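In what follows, a structure is listed as structure tokens, so that the remarks can point back to it.
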Amino acid sequence: MSATLTKEKEILQVKDLQQYFPIKGGVFGRTVNHVKAVDGVNFTIYEGETVSIVGESGCGKSTTGRAILRLDEPTGGEVIFQGTNLLSKSKREMRSIRKDLQVIFQDPFASLNPRRSIGQTLEEAMGILNVVPKANRRSRAIELLEQVGLKEEHIDRYPHEFSGGQRQRIGIARALAVEPKLIICDEAVSALDVSVQAQVLNLLKKLQKEYGLTYLFISHDLGVVRHISDRIIVMYLGKVVEIAEKKSLFDNPRHPYTQALLSAIPEPNRKKKKERIILKGDVPSPIDPPSGCRFHTRCPLATDLCRQSDPELKSLGEGHQAACHYAEAIS
Ligand code: SF4
């Protein structure tokens with residue numbers, strides 16, 4: 001975490017967020033069940049920090065990001081961004097709020113218009129809410145390209161003329177064009193080669209300092225998360241199971257699921273090598289999640305209590321929280 005971050009000012013509070021997708025069936029196409037993709041998620045992000053959400057595919061991390069942005073309308077809860085509950089805002093009001101809340105997706109090519117040059121794309125972004133006066137937009141576009149490691153000569157080129165890493169830099173420039181406060185990076189470097197990944201992550205860190213940005217990073221890759229995060233949220237089957245500062249989470253994970261995830265990371269330091277924890281079975285269906293603790297069907301420590309009672313996320317001190325009945329005893 002940056003030395004100047006005081007954790008005094010919340011920028012985003014997610015409260016009891018729910019995202020249930022209906023399953024239709026029968027002759028009349030009625031709702032017969034729901035996929036509980038996100039089921040009561042709570043967390044806070046402070047100005048200037050980078051928080052990552054990690055978990056296996058299907059844990060609800062990307063759905064949480066989309067629900068915050070209201071790309072899919074959440075079914076319940078609150079998303080308080082800079083003191084305003086986004087879920088109470090009209091679509092029109094959301095348009096102006098989106099200036100402060102940007103997203104970078106995994107595949108920037110899909111979100112770049114192939115018929116528009118990069119300059120046109122950036123100028124269009126600045127024009128939507130008139131963030132930059134028309135006369136200054138081209139010079140600002142050049143400035144942005146240079147800030148993300150591209151050159152002035154790239155401004156009149158089209159998306160297909162760039163590599164994957166360059167397109168992701170363009171995606172970052174477009175997000176910056178509207179001068180946001182919080183950027184949600186949804187698997188933003190997952191499609192890039194490892195060396196390019198590191199360059200883009202370093203660029204994001206540099207821009208964070210320059211612009212005072214806050215990031216919510218969504219990734220399945222613990223290596224990426226270790227590189228970029230201040231704090232980490234671990235999700236399993238639609239729920240948060242652990243939240244901690246990066247060092248605390250990597251050095252002393254308190255939830256058996258987090259321990260299993262971390263044990264799978266290759267450890268270059270032989271002395272630190274830990275035994276790999278292999279989880280049994282697949283992630284259960286979010287249509288009919290297990291009773292009690294959702295992880296009990298795969299947890300090596302599960303007891304009868306775990307099968308009956310859903311553990312709450314409880315504080316273990318120094319900002320470390322875990323949702324496990326035995327978290328105090330685990331170290
Ligand atoms: Fe495992 Fe029980 Fe803890 Fe759930 S509550 S993670 S099943 S020990």
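Worth knowing before you read on, the calculation uses all heavy atoms, side chains too, and leaves out hydrogens, waters and symmetry mates. None of the values given here were measured: they were computed from a predicted structure. The first residue in the sequence is number 1, and the count goes up from there. Whatever order the structure lists them in is the order used to number ligands and atoms, beginning at 1.
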Q. Are any of the side-chain nitrogens in Lys36 or Asp288 under 4.0 Å away from the carboxylate oxygens of its partner?
A. no

Q | Partner of Arg231 by salt bridge (Lys or Arg N to Asp or Glu O under 4.0 Å), out of Glu242, Glu49, Glu245, Glu318 | A | Glu49

Q) For atom 8 (S) of ligand 1, which protein heavy atom lies nearest, and how many Å away is it? A) Tyr326 CD1, 3.5 Å

Q: Could you find the nearest protein heavy atom to atom 5 (S) of ligand 1 and give me its residue, atom name and distance?
A: His325 N, 3.4 Å

**Q.** Asp230/Lys247 salt bridge by N-O under 4.0 Å criterion
**A.** no

Q: Identify, for atom 4 (Fe) of ligand 1, the protein heavy atom at the shortest distance, and state residue, atom and that distance.
A: Cys293 SG, 2.3 Å

Q. In terms of atom number and element, which parts of ligand 1 are under 4.0 angstrom from non-hydrogen atoms of His255?
A. 6 (S)

Q.
Taking the ring of His255 and the ring of Phe295, is the distance between their centroids below 6.0 Å?
A. yes

Q) Are Asp310 and Lys239 ion-paired here, with the side-chain N under 4.0 Å from a carboxylate O? A) yes

Q | Other residues, nucleotides, ligands: >12 heavy atoms within 6.0 Å of Glu93 CD | A | yes

Q.
Considering non-hydrogen atoms of the protein only, which is the closest contact for atom 3 (Fe) of ligand 1, and what is the distance?
A. Cys324 SG, 2.3 Å

Q) Please state which protein non-hydrogen atom is closest to atom 2 (Fe) of ligand 1 and give its distance, to 0.1 Å? A) Cys306 SG, 2.2 Å

Q. Tell me: protein heavy atom nearest atom 1 (Fe) of ligand 1, and distance?
A. Cys299 SG, 2.3 Å

